[in-house]
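In what follows, every chain begins at residue 1, and chains take the letters A, B, ... in the order their sequences are listed.
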Amino acid sequence: MSHWLLKSEPGVFSIDDLARAARKRTFWDGVRNYQARNYMRDGMRRGEQAFFYHSSCAQPGIAGVVEIVAAAVPDPTAFDPNHRHYDPNSDRAKPTWYGIEVRLKNKLARVITLEELKQHDALAGMPLLRRGNRLSVLPVGEDEWDYILALV
DNA sequence: GCCAACGTTGGC
DNA sequence: GCCAACGTTGGC
């Protein structure tokens, strides 16, 4: 079982938005980066867990844990010309973009901020903390996953 | 708002 | 295939 991290801008979709969603579920659409797509489509399996990370906000950091409740399927927003994430180069017969469905497992008692994560040598190797990383979907090592949960 | 660090695009 | 220009991400 692999572990993951999913970034979302709370101004667009926060962990509280997920908490309020029907059955606390949402389809994770709009990923338009190939490596992130590959992690979702080829890596993520139903039942695995991911950190819900708030990015581009006052307090970037890990806000909660979600469970992948459905493996990747083609992202319908890529086919919708009126959608912000429309991609004219993607077609239904051979979709380029995929999304997964997640369910909120739990919100953390506090946000584990990026600043705090950086202070732990044990986490220095995390892809999230790697210089210049901008991927919105990332793997998290098993040791790092456990370590971070123990920080709460 | 700034800017570093990318990924993508497109001319050649 | 190279690489400059451009767009985006995301911390600060």
- Output yes when a side-chain donor or acceptor of A:Arg25 lies under 3.5 Å from a complementary backbone atom of A:Glu101, and no otherwise.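 Answer holds: no.
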
- Message: Main chain of A:Leu135, side chain of A:Lys7: is a donor-acceptor contact present, judged purely on distance under 3.5 Å?
- Response: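 Yes: the side chain of A:Lys7 pairs with the backbone of A:Leu135.
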
- Message: Distance alone, cut at 3.5 Å: any donor-acceptor contact between the side chains of A:Glu48 and A:His3?
- Response: no

- Message: Under a 3.5 Å threshold, yes or no: a donor from one side chain and an acceptor from the other, between A:Thr77 and A:Arg32?
- Response: yes

- Query: Salt bridge or not for A:Asp75 and A:Arg37, using N-O below 4.0 Å?
  - Reply: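 Looking at A:Asp75 and A:Arg37, the cut-off is not met.
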
- When we call it a touch if two heavy atoms are under 4.0 Å apart, what does A:Ser56 touch: a base, just sugar-phosphate, or nothing?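 Result for A:Ser56 = base.
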
- Task: Indicate the ring-plane relationship of A:His120 and A:Tyr147, choosing parallel, tilted or perpendicular according to the 30° and 60° boundaries.
- Result: perpendicular

- Message: Could you tell me the boundaries of the chain A footprint on DNA chain B, defined by atoms under 4.0 Å from its heavy atoms?
- Response: B:dA5 to B:dT8

- Task: Strictly below 4.0 Å, heavy-atom distances to any atom of DNA chain B: list the hits from residues 29-42 of chain A, or just say none.
- Result: A:Asn33, A:Tyr34

- Message: Testing the basics here: between A:Ala72 and A:Arg41, what is the closest heavy-atom pair and its distance to 0.1 Å?
- Response: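 Heavy atoms only, the tightest pair is CB-CA, 3.6 Å.
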
- Message: Please tell me whether A:Tyr34 and A:Trp97 form a close aromatic pair, meaning their ring centres lie under 6.0 Å apart.
- Response: yes

